[in-house]
Amino acid sequence: MYGDVNISGAKNAAVAIIPATLLVDGKCVLENVPNISDVKISCNILEKLGAKIEWLSEHSISVDTSHISSTTAPFDMTSKFRASYYLIGSLLSRCGEAEVGLPGGCNLGARPIDQHIKGFEALGADVNVSQGKISAKADRLVGTSIYMDTVSVGATINVMLASVLAEGTTTIDNAAKEPHVVDVANFLNTMGADIRGAGTDVIKITGVEKLKGDATYSIVPDQIEAGTFMLAAIASKGDITIHNCIPKHLDCLTAKILEIGGHVEEGDDSLRIWCDSRPTKTNVKTAPYPGFPTDLQPQIGVVLSVADGTSIINEGIWESRFQYTAELNKMGANITAQGKTAVFEGVDFLSGAPVYASDLRAGAALIIAGIIANGKTELYNLGHIDRGYENIEEKFRKLGANIKRVKE
Ligand code: EPU
């Protein structure tokens, strides 16, 4: 694949910042909003709670949360949408209560929210989980110190949301450092919050009386989408320049790409990635940022499935993120996955086959696999991919891929 591709705003920042607008008593404008189905669901849920949302352009929305009429998020909508847990922190903070349906079963394995709950309780909330719902209530939230037992993006952001308007100072120790954690903190600070240390493992939030609206915030570029196209360049032995990205956020992937024989040229907000030979084997361990992102594990798995030699991937975050390997094996790969480890015996080429996307990143990986495979690949379950990638087939088509959507 050859050419240029523009990266959209980050899904995992957008699905937190949209509920975070509930903390603003007024109107704000979000720019660089990715036009993906998770964002649309997030906006629809907010509207059900009384917010007024207007799309100002393809990537910009205005959100008016002056009037919130409900603290109960519609069960049917939240259960389809994993990031709905951010509604708990936001509604608790703004209204003193929240009731949200627990997100349903997950294809990545168990997704506990014990650290979110521990944080809310430490701030003074009563939290109840029953009949598939989580409810939280607090007369007042008071700042405190919270040590996260595990590094969690969701729990870090949720505790930040819940403590922004609390009395006094909250300290989150062992906080997640992902770029989207920093982005949510930057958004809240733009609206008047007092959050320091986001991007390190200690975040201090000093409660303020209210967040003012009337501001505009631009969502950070999606480092996982950028990483997906970087790995597509390597898998296809192509030459792709990625625009609207933050190269620093991809340092870990850049290092891996150099290690397997690819080339990377860094610009201010762009990256050129190319590869003129067969990638070589390597080992990968996924870990919280700045480690290798789990959300790029299936995509690098495709590269390693055709690399020269035997590679091992250790999945350090999710229990069940190797379902895509069975699909790659249908395409001629030679991968043995057991528990959190998979061994990739590199093969010379992949062959087209009908395959199923078990989740969002598995879907992106299988698109790359289909593009580099000999013959035709049919990919099913596109709904997973549409949750997090904007116009993915058009972006790949512009890079020279022969790809079309046959059915929604
Ligand atoms: N964990 C707990 N208790 C908790 C929370 C998490 O034990 O209360 C564990 C999880 O089981 C997991 C680890 O901690 O083993 C990390 O989970 P984390 O909370 O960081 O994940 P998340 O916030 O639910 C976000 C992304 C995921 C991404 C992970 C890890 C969003 C909406 N989702 O999930 O993104 O894989 O962080 O980086 O931000 C994706 O985009 O495809 C995706 C799955």
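Whatever order the structure lists them in is the order used to number ligands and atoms, beginning at 1.
- Checking only distances, Ala155 never comes within under 3.5 Å of ligand 1, N or O to N or O.
- Considering both main-chain and side-chain atoms, Ser152 comes within under 3.5 Å of ligand 1 through a nitrogen or oxygen pair.
- Within the 4.0 Å heavy-atom cutoff, Lys118 does not count among the residues contacting ligand 1.
- The residue Phe81 has no part lying near ligand 1, judged by heavy-atom distances below 4.0 Å.
- At a 4.0 Å heavy-atom cut-off, ligand 1 touches Trp318 through the side chain alone.
- The protein atom (non-hydrogen) at minimum distance from atom 41 (O) of ligand 1 is Arg361 NH2, 2.7 Å.
- Residue contact check: Val153 has heavy atoms under 4.0 Å from atoms 18 (P), 19 (O), 20 (O), 23 (O), 37 (O) of ligand 1.
- Remark: minimum distance from atom 34 (O) of ligand 1 to any protein heavy atom is reached at Arg111 NH2, 3.1 Å.
- Residue Arg321 places a heavy atom less than 4.0 Å from ligand 1.
- Looking only at atom types and distance, the side chain of Glu31 has no donor-acceptor partner in the side chain of Ser60 under 3.5 Å away.
- For Thr294, no nitrogen or oxygen atom sits less than 3.5 Å from a nitrogen or oxygen atom of ligand 1, counting backbone and side chain alike.
- For the side chain to side chain donor-acceptor pair (under 3.5 Å) with Tyr217, the lone residue among Asp183, Thr21, Thr190 that qualifies is Asp183.
- In this structure, Asp359 falls outside the shell of residues with a heavy atom less than 4.0 angstrom from ligand 1.
- From the protein, the heavy atom lying nearest to atom 13 (C) of ligand 1 is Ile317 CG2, 4.0 Å.
- When heavy-atom distances to ligand 1 are checked against a 4.0 Å cut-off, Leu360 comes that close only through its side chain, counted from C-beta outward.
- Side chains of Lys133 and Asn128: no donor on one and acceptor on the other come within 3.5 Å.
- Here His116 has heavy atoms under 4.0 Å from ligand 1 in both its backbone and its side chain.
- Of the protein's non-hydrogen atoms, Asn12 ND2, 3.5 Å is the one closest to atom 26 (C) of ligand 1.
- Sorted by first and then second residue, the pairs that involve residues 279-299 and meet salt bridge (Lys or Arg N to Asp or Glu O under 4.0 Å), not counting sequence neighbours, are Asp295-Arg321.
- Not a single N or O atom of Val15, backbone or side chain, sits closer than 3.5 Å to an N or O atom of ligand 1.
- Regarding atom 11 (O) of ligand 1, its nearest protein heavy-atom neighbour is Pro112 CD, 3.3 Å.
- For atom 8 (O) of ligand 1, the nearest non-hydrogen atom of the protein is Gln115 N, 2.7 Å.
- At a 4.0 Å cut-off, not a single heavy atom of Tyr289 sits close enough to ligand 1 to count as contact.
- For the 3.5 Å distance criterion, the side chains of Ser311 and Thr282 fail to qualify, holding no donor opposite an acceptor.
- The side-chain heavy atoms of Met148 and Val159, taken from C-beta on, include a pair separated by under 4.5 Å.
- Distance from atom 23 (O) of ligand 1 to its nearest protein heavy atom, with residue and atom name: Gly154 N, 2.8 Å.
- Donor-acceptor pairing under 3.5 Å is lacking for the side chains of Glu327 and Tyr380.
- Here the closest heavy-atom approach between residue Ser84 and residue Val100 is recorded as O-CG1, 3.7 Å.
- For the pair Gly388 and ligand 1, no heavy-atom separation below 4.0 Å is found.
- At a heavy-atom distance under 4.0 Å, only backbone atoms of Val151 (N, CA, C or O) approach ligand 1.
- Ligand-side atoms of ligand 1 in range of Asp295: 27 (C), 28 (C), 35 (O), 36 (O), 40 (C), 41 (O), 42 (O), 43 (C), 44 (C), range being under 4.0 angstrom from any heavy atom.
- Looking at Lys395 and Thr228, their side chains never bring a donor and an acceptor atom within 3.5 Å of each other.
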Between Ser66 and Asp64, does the side-chain hydrogen bond (donor to acceptor under 3.5 Å, both in side chains) criterion hold? Intermediate values first, please. CA-CA 6 Å; Ser66 309; Asp64 185 349; 2.5 Å; yes
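- For Asn381, there are no side-chain hydrogen bond (donor to acceptor under 3.5 Å, both in side chains) partners at least two apart in sequence or on another chain.
- In this structure, a donor-acceptor pair under 3.5 Å is absent between the side chains of Ser135 and Glu97.
- Using a distance-only test at 3.5 Å, with no hydrogens or angles considered, a donor-acceptor pair links the side chain of Arg94 to the main chain of Thr65.
- By the 6.0 Å contact criterion, CZ on Arg196 is open, its count of non-hydrogen atoms from other residues, nucleotides or ligands being 12 or less.
- Nearest protein neighbour of atom 9 (C) of ligand 1, counting heavy atoms only, is Thr150 CG2, 4.1 Å.
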